[in-house]
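Here is the structure we will look at, set down as structure tokens.
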Amino acid sequence: MKFSAYPFYLLAAAGLSFTNSARAQNENDLHQEPRLKVLVSAMAERPLVNQSGIGDTSQLLNGVAGYSVAQGGGVSGLPMVNGLGDDRLKIRIDGMELSAACANHMNAPLSYIDPLQVSHIDVLAGVTPVSAGGDSIGGSITVRSAAPVYAEAAGSLRSSGKLSFTGRSNGNGLSSGISAGIASDTVSLGYTAAYARSHSYTDGNGQRVLASLYESINQAVLLGWRGNGQQLSVRLGTQHIPYQGFPNQYMDMTDNTARFGNVNYHARFGWGELDASGYWERTSHDMGFFTPERNGMMPMVTQGRNTGYSLKASLPQGDAAVLRLGQEYHVFRLNDYWPAVAGSMMMGPQTYLNINHGQRDRLALFGEAETRHDSQWTSLLGARWESVRMNTGAVQPYASNMMNAADAAAAQIFNASEHRQRDNNYDLTALSRYEADAASSFELAAARKTRSPNLYERYSWGRGRMAMTMTNWFGDGNGYVGNLALRPEVAYTLGATAHWHGGSGSSSWFVKFNPYYNRVQDYIDVDVLGQFNPYSQPAAKGALLQFANHNARLYGANLSWQLPLAQSAALGTVSLNGTAAYTRGQRADGGALYHMMPLNSVLTLEQRHGAWSNQLELKLVRHKTQPDLRRLEPVTAGYGLLALHSRYQLGKQLQLSAGISNLLDKAYADPLAGVYLSGLRAAGGSLRTLPGTGRSVDAGLTYSF
Ligand SMILES: [Cu+2]
């Protein structure tokens, strides 16, 4: 029910070292996961070639129909599933729930783990079991780093390791990783490190996309212990991003330093199974400017802390049913302030307090029952309750002078208002699956899912143009302000999946079709307050917006398939795999929702022959015709991108890979990539869409020992 996300280029990379050899010993495989977990998840069976940079975990799921990435910096893409993304997805990394501690979501959850450290990544779209997470309406992404591996026999030691390098011609990107481990049959110790770096990439016209360079360093130590039906793992890690440019934001990341620790415990008892986890994470995040590709002076600092735990008991009820009960707690703390700039009339003399001791605490309880009624019918029913408490302290503007008058007035109103909020949210999920025969199964699901606003949606308060443009995780160049009256958004989702499959081994085939419909009450969208000219360029237009609840609906369908084409001794196995996705999102009072991906499809011709695997991929994206006019979302032209990738396994230890992405060096703009602010800053004129990545030649190798 899981798939291991190895994008083709990553097959030649480290961090996946333990996955194959230790599958049976993988702690996660021993967990009693809901059998219906993949209901309506529209998961791709086979990950495809990566079209853009290296070091970004959000790109690992690119082979999933209905999945797309809204580009941020080089390692901070924001995941989108069926038109709902970012905070609308519940993302867990080794059990940790991490909140973005930045008004631009530069350090969103998936930026905290390098793809080389990822062992498993799952996405569940739309209707998700309540045990897979609350406080989200679009689905769940679960990421796991490698589980501890153990020696097979008592008294013996097992050691293993992996080294990897991947180079990328566009931007002179480099990714490298190392993992090493040593273990007895009961105790295991492992270490992973990953390093990714790139200069700014060039687009299909050979132009450098300014301020798109980055560097990221991730390290983790893993300690495992097992015995007597119990397993315990402890992870300690750090993340350091010394710099990361954000061409579709007004600011760049000048540092992100995070430390984390998590504990995961699993045990089997006579009555059932227990899973417990606890975590702690702390982030210190700086924004400003660091590259001559975009100059400026404006320091901004955020500090975030996540702590939490979860408990889950699985209680078998006879042979055909299991009851799951769980309790979770998540505490998020945030400070966001902008130190005064010496000598600046505008930015000083006070420190601008954006979010002052913000807190968002969630307490959750859930229960779900999974029942196998007969050989064909299975159902899952679940309910979840969450209490979300939020608060923040008093704020202050840079100054109360003329230039800061709008912020000063807004601070006064904000400080005189009540900030404490409490939401009581409940989710309900009903899923059923019918195995019609050996070649077809059908799933139907319905859910009510709730997400409370994030701290910025409720508590960002500045009304000056500059302050408003600092709150923006949409890459659209607009300015945003929070809204103390925001209510949680509640999604009512209906989804169905038809799955036809057959054959076995190299002749196996499937076709999966997944339509869905979502009615979202109080969807957190925007009201338009005004307009402005980004970087004071008369030809560039931006909108000043306030978060506001509006009913909305989203609907669409995903299709994925794998079809064997030929098989022979000379040719090996040739298959045609692919995905197609259609999404629409509209507000009940008119107008399109932001970030709706136009019709898109990925077609992959794949050949496997002995030690060789070859893929030719065509990605097709239709032109965007229904932009969100409130956010001045640009229309983008349709495009097709070709990519070629090969992998060769040399003995047991060495794996080589090579490929070319955007083979024809096509100039294009990804519909979700937003606007090119760093380009506007440098050249003036009007605001263009962010140019996509041009041709890149990639090569990699992995050595296991
Ligand atoms: Cu930031």
Side-chain angles (χ1 to χ4, degrees), residues 55-58 69-79 85-87 91 98-112 210-217 239-259 281-291 293-306 332-339 341 347 351-356 358 360 392 454-457 459-462 466-482 534 673-675 677-678 681 690:
D56 188 351
T57 295
S58 72
V69 174
Q71 186 175 337
V75 297
S76 291
L78 300 173
D86 193 14
D87 274 2
I91 300 173
L98 308 177
S99 310
C102 164
N104 304 152
H105 287 196
M106 291 177 171
N107 48 20
L110 292 178
S111 70
Y112 286 102
L210 300 173
S212 58
L213 62 172
Y214 61 91
E215 182 176 31
S216 145
I217 307 145
Q239 180 240 45
H240 184 211
I241 299 178
Y243 58 87
Q244 184 181 193
F246 282 75
N248 60 5
Q249 294 290 355
Y250 289 95
M251 304 297 295
D252 293 319
M253 182 192 277
T254 51
D255 193 81
N256 200 83
T257 303
R259 280 175 241 287
E281 184 261 2
R282 212 186 143 105
T283 296
S284 180
H285 172 74
D286 294 337
M287 286 191 288
F289 303 95
F290 66 90
T291 165
E293 294 174 21
R294 173 160 60 183
N295 292 310
M297 181 62 179
M298 182 182 175
M300 300 171 76
V301 182
T302 54
Q303 285 149 352
R305 179 165 59 82
N306 292 280
F332 178 52
R333 293 286 181 274
L334 178 71
N335 274 308
D336 181 332
Y337 57 95
W338 313 343
V341 176
M347 293 180 276
T351 296
Y352 184 106
L353 297 180
N354 193 27
I355 303 280
N356 183 20
R360 189 177 190 277
T392 187
N454 66 37
L455 286 170
Y456 289 103
E457 286 167 335
Y459 297 138
S460 62
W461 54 273
M466 196 276 286
M468 287 181 74
T469 54
M470 295 297 109
T471 297
N472 184 332
W473 52 92
F474 307 96
D476 60 9
N478 298 318
Y480 290 79
V481 64
V675 294
L677 285 174
S678 53
R681 163 81 204 234
L690 182 70

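Every number for a ligand or one of its atoms is a count from 1 in the order of the listing. We're numbering straight along the sequence, starting at 1.
Between W338 and the choices M470, M287, M347, the side-chain contact (heavy atoms from CB on, under 4.5 Å) rule is met once, by M470. Among T392, N306, I355, N354, the one residue that satisfies the side-chain contact (heavy atoms from CB on, under 4.5 Å) test with L334 is I355.
For residue H285, an N/O/S atom approaches the Cu ion (ligand 1) to within less than 2.8 Å. Put simply, M287 gets within reach of the Cu ion (ligand 1), with an N, O or S atom under 2.8 Å from it.
Counted by atom type alone, S76 and Y214 present zero donor-acceptor pairs between their side chains at under 3.5 Å.
The salt bridge (charged side-chain N to carboxylate O under 4.0 Å, His left out) test applied to E293 returns R208, not counting sequence neighbours.
Here the Cu ion (ligand 1) is the vertex; the SG atom in C102 and the SD atom in M106 give an angle of 110° (to 10°).
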